Engineer: 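Before I ask anything, let me first share the structure, which is written out below as structure tokens.
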Protein chains: 2
Amino acid sequence: MHTALLTKASSSALPLFTLEALPLRKSVDAAPSTVGSVQSFAKDEEIFAEGDKAAYVYKVLSGVVRTSKLLSDGRRQIDAFHLAGDIFGIEAGDEYRFCAESVGNCVVVAYRRSHLAALTGSDAQLGQDMTMGMMRSLVRAQNHMLLLGRKSALEKIATFLLDMAERTADDSTLDLPMSRTDIADHLGLTIETVSRSFTQLERQGIIGLPSARRIVLSNRAALERLNA
Amino acid sequence: MHTALLTKASSSALPLFTLEALPLRKSVDAAPSTVGSVQSFAKDEEIFAEGDKAAYVYKVLSGVVRTSKLLSDGRRQIDAFHLAGDIFGIEAGDEYRFCAESVGNCVVVAYRRSHLAALTGSDAQLGQDMTMGMMRSLVRAQNHMLLLGRKSALEKIATFLLDMAERTADDSTLDLPMSRTDIADHLGLTIETVSRSFTQLERQGIIGLPSARRIVLSNRAALERLNA
DNA sequence: CGCTAATTTGATCAGACTCAAGTGAAGTGG
DNA sequence: CCACTTCACTTGAGTCTGATCAAATTAGCG
């Protein structure tokens, strides 16, 4: 119904295939570092910081990455969670305007940006991959602005759950990879409000909470109604 | 410091030049409609609606355009104000996910999207213009998420004023082209809170309000401090 | 099994919203 | 040219949602 639709639909679509296949193939018989190097991170490790030289563009292979911005006094806004297949770290300028961290253990491929730039000129397909990645970020960001600016706490949570379900869940059970703090900083709320909203949805029979991070969407229609 | 810097810097940079010069030159000796057609709108006219077939990409020649999203119950989020030189209406899918309206009288050029798509394949420069437009939208959107999710009313207004000043003002005087309602829907506030914030900044001697829409930035340092 | 961190819950508070008037400026028509 | 209407903005009073502060549970984990 919103953001997630495009994201999910496109992540398995053609354009991305190139970016996926190219480095993996090459890394077998060539130096991986020149095309794409695979990197692993443990929980809460920094992949890059706000202000770092933006030398790489990344793609998530497994796990989850959060990109966030900080205010001088520590207030944080997580602009997106990046799941397997998602691209992050695309920048127009020469530095990252975000910090990127692993949410749990995760594996990413890093593509040297200078190399991509050269390819983008000659290889139209690869340029389109970057463009698609950007488009998807833009769509997500724009939908998220509506959420942040105009939705109530309960509506924010409902939208978030539907979005995550769309992106990860096979059935009606959803395993959240991130903490309440991360969710709060993504939705512009506090952890207490996030927790209370979950509890309220559970009491209304709209979701089940077998454990803190496992959500059962028992009444998706009600969630969609809250989605406004 | 944020959004506005890149926007301003890039709006006069090279990549955009092509998009500006190409249609204007051609429209003199060729049918303008095939490349870019100039359209005028009076105050509060609709340029396109959310869900319309996204047949054109637009560029503002003069005046201001707002793009917004609506919730089912009428709550509105203005994602951006587009000033002269700004591109809007770029879509990945085949329909607009926004509504676009003129804020005051304004003139725009409409580029047929099918035509651009063809050019993007052959003309790398033009493709980069679109890419740049998208990048700038993305940067703005990402900064705006931080504002919507984590800033107080006063901080939102301060950021907004600095941003508008950066984009339009020559000196320390700023003429706002939009109403309090538009500002409120852009910043995720109500008109009353917007008004009260302006009054408060005035009382603190940080801004002057010779008339409702004319702002004098008498203490830019204080504003920047509020910018967090 | 005890320790630490994450989450939930409770009580209170505050910033922003709602509702309601009041003020002022711009435009209209006599 | 001036009274009248209208619309945009400001101001005030009271309310409410979500934040803050604080404590209790619960869940992981070594």
Side-chain angles (χ1 to χ4, degrees), chain A residues 42-44 66 71 73-77 103-105 147-161 174-204 207-215 226 228, chain B residues 42-44 66 71 73-77 103-105 147-161 174-204 207-215 226 228:
Chain A
K43 186 171 144 73
D44 291 325
R66 62 171 175 261
L71 249 29
D73 64 354
R75 280 172 288 174
R76 185 177 69 151
Q77 176 65 41
V103 169
N105 290 353
L147 177 147
L148 292 171
R150 289 298 180 213
K151 290 189 183 179
S152 71
L154 220 52
E155 290 170 337
K156 285 176 178 181
I157 295 289
T159 303
F160 174 71
L161 289 179
L174 176 59
D175 280 293
L176 295 177
M178 72 289 286
S179 68
R180 296 290 188 262
T181 303
D182 282 347
I183 297 173
D185 284 348
H186 183 48
L187 302 181
L189 299 169
T190 59
I191 53 170
E192 293 94 333
T193 300
V194 170
S195 183
R196 275 186 254 269
S197 301
F198 276 133
T199 305
Q200 188 179 337
L201 288 176
E202 186 190 26
R203 271 203 274 263
Q204 293 181 258
I207 64 170
L209 283 167
S211 78
R213 298 200 181 185
R214 167 157 298 183
I215 316 276
L226 276 174
Chain B
K43 186 172 144 69
D44 291 325
R66 62 172 176 260
L71 249 29
D73 64 354
R75 279 172 289 173
R76 184 177 70 151
Q77 177 65 41
V103 168
N105 290 352
L147 176 147
L148 291 172
R150 288 299 181 212
K151 290 189 182 178
S152 70
L154 218 53
E155 290 170 338
K156 286 177 177 181
I157 294 290
T159 303
F160 174 71
L161 289 179
L174 175 61
D175 281 294
L176 296 177
M178 72 290 285
S179 67
R180 296 292 189 262
T181 304
D182 282 346
I183 297 173
D185 284 348
H186 183 48
L187 303 180
L189 299 170
T190 58
I191 52 171
E192 293 95 334
T193 300
V194 170
S195 184
R196 275 186 254 270
S197 300
F198 276 133
T199 305
Q200 186 179 338
L201 289 176
E202 186 190 28
R203 271 203 273 264
Q204 293 181 259
I207 64 171
L209 283 167
S211 76
R213 299 199 181 186
R214 168 158 297 184
I215 317 278
L226 276 174

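Proteins come first, then strands; the chains are lettered A, B, ... in the order of their sequence lines, and each starts at number 1. All figures in this text were calculated on a predicted structure; none of them were measured in a lab.
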Engineer: Flag the pair A/R150 / A/K156 as yes when at least one side-chain heavy-atom distance between them is below 4.5 Å, and no otherwise.
Structural biologist: no
Engineer: So for atom CZ, which belongs to B/R214, do other residues, nucleotides or ligands contribute more than 12 heavy atoms lying within a distance under 6.0 Å?
Structural biologist: no
Engineer: Under 4.0 Å between a side-chain N/O of A/R196 and OP1 or OP2 of C/dT8, yes or no?
Structural biologist: no
Engineer: Are B/L226 and B/K151 close enough that some pair of their side-chain heavy atoms sits under 4.5 Å apart?
Structural biologist: no
Engineer: Which residue, A/P210 or A/E192, contacts DNA chain D at a nucleotide closer to its 5' end, judged by nearest heavy atom?
Structural biologist: A/E192
Engineer: Can you check whether A/S195 has a side-chain N or O nearer than 4.0 Å to OP1 or OP2 of C/dT8?
Structural biologist: yes
Engineer: Using a 4.0 Å cut-off to any heavy atom of chain B, which nucleotides of DNA chain D are the first and last in contact, reading 5' to 3'?
Structural biologist: D/dA8 to D/dA13
Engineer: With nearest nucleotides of DNA chain C determined for A/R150 and A/M178 from heavy-atom distances, which residue corresponds to the more 5′ nucleotide?
Structural biologist: A/M178
Engineer: Contact between A/R76 and A/R66 at the side-chain level, heavy atoms closer than 4.5 Å - yes or no?
Structural biologist: yes
Engineer: Is there a side-chain contact between A/D185 and A/Q77 in this structure, where contact means two heavy atoms from C-beta onward sitting under 4.5 Å apart?
Structural biologist: no
Engineer: Name the closest nucleotide to the A/R213 side chain, picking from C/dC19, C/dT9, C/dT7.
Structural biologist: C/dT7
Engineer: Please examine the side chains of A/I183 and A/M178, heavy atoms only from C-beta on, and report whether any two atoms are closer than 4.5 Å.
Structural biologist: yes
Engineer: Determine the contact category for A/S211: base if any of its heavy atoms lies under 4.0 Å from a base atom, sugar-phosphate if only primed atoms, P, OP1 or OP2 are that close, otherwise nothing.
Structural biologist: nothing
Engineer: Please tabulate, for the side chains in residues 193-204 of chain B, all donor-acceptor contacts under 3.5 angstrom to protein atoms that are two or more places apart in sequence or on a different chain.
Structural biologist:
from	atom 1	to	atom 2	distance (Å)
B/T193	OG1	B/T190	OG1	3.1
B/S197	OG	B/T193	O	2.7
B/T199	OG1	B/S195	O	3.0

Engineer: Tell me whether the OP1 or OP2 atom of C/dT8 has a side-chain N or O from A/T199 closer than 4.0 Å.
Structural biologist: no
Engineer: Are the side chain of B/R180 and the backbone N or O of B/A212 linked by a donor-acceptor pair below 3.5 Å?
Structural biologist: yes
Engineer: Can you list, in residue-number order, the parts of residues 184-191 of chain B that come under 4.0 Å of DNA chain D, counting heavy atoms only?
Structural biologist: none
